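Have a look at the structure below, then the notes.
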Amino acid sequence: METRGWNKLKAFAYLAFAVLLSAALELFVLAYNPPRYALPLDGPVSARRDGLSLGSLEIPFLNSCGSNRKFIPGFYTYAMEFELPADLRREKNLALVFPQIAGASLSVSANGTLLGRRGDPAEGRATIWNAVHVFHLPEAAARERNVLEIEILGTYEAGITTVPYIAPARKVSARIFALTFFSEYNIWISAGALLAISIISIGIGKLGDKTRKGGVLLGAAGLCVALFLLDFAFIERLPVSIVMFKRIVVSLRHLGAALFIMAYFGFLGKKMDAFALAFSGIHVACAALLFAMPGGIVEIKRLYNFTYLAFLPLQVYLFFLVLRYAKEDSSFKPVMFGVVVAVLCAIRDIVLLVLVDDAGAIMISHYGFVALTLSSSFYVVNDGLKHYRALISERQRAAFFREEAQRDFLTGSYNRKILPALVQDLEKPFSVMVFDLDEFKSLNDEFGHATGDAILVDAVRVARANIRADDFVLRIGGDEFMVILRSC
C-alpha cells in the first residue's frame, strides 16, 4: 500500500511540474511586452504594399494568407510618427526593439536614416519571424518628433505581431538577452539536444529486444522534430527556397507525430489500436500532401494552417494512452510530463492562433514538442541503461557460476571441467605435471576425513606457492593433481 501511495505521489508530482512548466512558458511570453521604462510604439501606422496604400492599422497586426484570402505577396511598408520623451532624449544609447515580426525581411529607418536590415529582401529565403530584432537608434534619428518607416517582405504573411518599443540599451539588455535566448539560442540548443538523444535512442533501440525497438521509432521522431525546429530558428539565408523549406519542415512535423504514436506502442509491446492507426495514417498523409502538393508558399501556408488542427486530438490521445499504461509501468510515468506539457502548449496555440486568430500571439507549442521528445527519449535511454545493467549483471552471474562449476569446492583449485577451455586458449609451448599423494587412503582411514581434507587443501597451497600466478593447479581425482605451466 505504501508503494502504491508513493507511485501516486510521484505521478502527481510529474503532472504538477508539467503544469508549472507550461505556466512558466506562458508567463515568459509577458516578457515580449514593452517594459514600463520604455516608449511603446503602439500608435496607428499607415500601410502600403508595393507603393499602393492599404489604409491605417493598429499594432499588433498580421496580414496572412492563412486568414486573408486576398493576401498578395510583396513589400509592405508601414510608417508611423512618435514623440520621444525628454528622459529618453537624454539617453546616449537607445535601442529600438522588435520582439517579433512576421515576414522574410525587415528594414527599419528613422527620420530617413537607415537603422538596419534583417533577412533576405531579394528572394525571401530566410526565417527571421520568430527572432528578436534590435536596432541602435542614433542621436540624429532621435528627435522630439520622429517618423519611423518599417519595410517587410511578405512572402506569405507580413505584420508587426508584438508592440515594438524604444528603451535605454543599458536597461533593456538583460531582457533582450532573455528573449534572444528564448527565441533563438534555445531553438538551436533544443535541436542539438534532440539530435544527440535521438541518435542514442536509435542505437539503444537497435541493440534492444523487440519491445525496445520503439526506441528506433522514437529516435526517428526526434530527428524529425529537431529538423522541424529550424522553422523557428533565426536563419538569414536558407540553402533552399522558402517553399521547399516549408514543405520539408512542416512535413517532418507530421511525420514525427506519426512516428511518436508508433514508438509508444512499440515500447508497450502492443499492437496499435484503430484510433492510433487512423491518426498515424492521417499524419503520414498530411506529410505526403504537404510535400507533393503543387503551388507556391501561399498554398502551402494555407494547407498547413488547416492540417495543424490534427495535432490536438493526437496529443490528447497520447495523454490518455500514457496515463493508462503508466499505472502498469512506473518507469513510464516521466513520459507523462512531456505529454502534459505538449498537450497544454498545443491547446493554447491552437486556441490563440487558429480559433481566436490573435495576431499578437506568441507560439510555444514547439517547446511542447521538445519536452515530449526529451521526456520520451529519457525513458528510452533510462530503460536501455536498466536493460544493459541487467544484462551485465546476468553475464557476471553466469561467469561466476561457470567459474564455480570449474573449481573444486574443497581446495579451490580448478577441476577437470576447465580442460576443454584450456585446450583452446593455451599456446605452445606449455608443460603439464601430474602428481598424487602416496598412501592418502591410509591417512584418511587412520586420522579421519577432516585431516585428509586439510592435507588436500595444504597440498594445493604448496603447489600454488611454487608456480606463477598465470599457471594452473587442477584437482583431477581424489588425491590426484595436475599443474599446467604456460610458456614453459
Side-chain angles (χ1 to χ4, degrees), residues 29 32 41-80 98-108 118-121 123-131 133 148-164 231-232 241-247 249-251 253 286 289-290 293-312 346 348-366:
V29 169
Y32 282 84
L41 303 178
D42 53 357
V45 299
S46 60
R48 305 191 309 274
R49 185 194 68 247
D50 297 327
L52 178 66
S53 176
L54 300 177
S56 180
L57 298 171
E58 293 285 340
I59 297 176
F61 59 86
L62 175 65
N63 187 12
S64 171
C65 65
S67 56
N68 181 8
R69 290 290 172 179
K70 297 181 179 180
F71 175 84
I72 299 175
F75 283 96
Y76 287 76
T77 304
Y78 308 102
M80 66 179 302
F98 288 83
Q100 194 176 83
I101 60 103
S105 74
L106 172 66
S107 177
V108 180
R118 301 287 189 274
D120 178 26
E123 300 178 70
R125 294 167 63 169
T127 59
I128 68 168
W129 64 273
N130 192 49
H133 304 288
L148 189 68
E149 189 169 271
I150 305 158
E151 184 181 73
I152 295 175
L153 171 60
T155 53
Y156 59 89
E157 61 183 7
I160 304 174
T161 52
T162 58
V163 177
D231 191 29
F232 296 83
S241 68
I242 188 67
V243 180
M244 180 55 65
F245 177 76
K246 286 290 185 179
R247 288 182 189 273
V249 295
V250 181
S251 295
R253 178 178 67 178
C286 287
L289 181 61
L290 283 161
M293 178 183 175
I297 185 63
V298 171
E299 289 74 19
I300 298 299
K301 169 67 176 176
R302 286 172 178 165
L303 178 61
Y304 75 70
N305 268 10
F306 177 75
T307 62
Y308 186 73
L309 293 171
F311 283 94
L312 180 59
R348 181 257 187 202
D349 279 4
I350 287 174
V351 170
L352 291 180
L353 298 178
V354 180
L355 302 180
V356 178
D357 194 20
D358 183 0
I362 305 297
M363 295 183 66
I364 62 171
S365 58
H366 51 292

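If you read the sequence from its start, that first residue is 1, and numbering goes on from there. Please read all numbers here as calculations on a predicted model, not as lab measurements.
Although no hydrogens or angles enter the test, the distance criterion places a donor-acceptor pair under 3.5 Å between the side chain of Arg247 and the main chain of Met293.
For Asn63, the side chain to side chain contact (heavy atoms under 4.5 Å, CB included) test picks out Asn68, Phe71, Tyr76, with sequence neighbours left out. With sequence neighbours left out, Ser64 forms a side-chain hydrogen bond (donor to acceptor under 3.5 Å, both in side chains) with no residue at all. For Ser46, the side chain to side chain contact (heavy atoms under 4.5 Å, CB included) partners at least two apart in sequence or on another chain are Ala79. Not a single side-chain hydrogen bond (donor to acceptor under 3.5 Å, both in side chains) links Asp42 to another residue, sequence neighbours left out. For Phe245, there are no ring-ring contact (aromatic ring centres under 6.0 Å, His included) partners two or more places apart in sequence or in a different chain.
With rounding to the nearest 0.5 Å, the separation of CZ in Phe75 from CG in Asp50 is 7.5 Å. Remark: Gln100 CD to Ile128 CD1 distance equals 11.0 Å, nearest 0.5 Å. For the atom pair CG (Leu290) and NZ (Lys246), the distance works out to 11.5 Å, reported to the nearest 0.5 Å. Within the model, atoms OG of Ser105 and CD of Glu151 stand 6.5 Å from one another, a figure rounded to the nearest 0.5 Å.
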Extract all donor-acceptor atom pairs below 3.5 Å that involve side chains of residues 294-302 and protein atoms in other chains or at least two apart in sequence.
{"unit_1": "Glu299", "atom_1": "OE1", "unit_2": "Gly296", "atom_2": "N", "d": "2.8"}
{"unit_1": "Lys301", "atom_1": "NZ", "unit_2": "Asn305", "atom_2": "OD1", "d": "3.4"}
{"unit_1": "Arg302", "atom_1": "NE", "unit_2": "Cys65", "atom_2": "O", "d": "2.8"}
{"unit_1": "Arg302", "atom_1": "NH2", "unit_2": "Arg69", "atom_2": "O", "d": "3.0"}

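Residues Ile160 and Leu41 are not in side-chain contact: their nearest non-hydrogen atoms beyond the backbone lie 4.5 Å or more apart.
When every heavy atom of Asn130 is checked against every heavy atom of Phe232, the shortest pair comes out as ND2-O, 3.3 Å. Contact record, Ala158 with Tyr78: CB-OH, 3.8 Å, taken as the closest heavy-atom pair.
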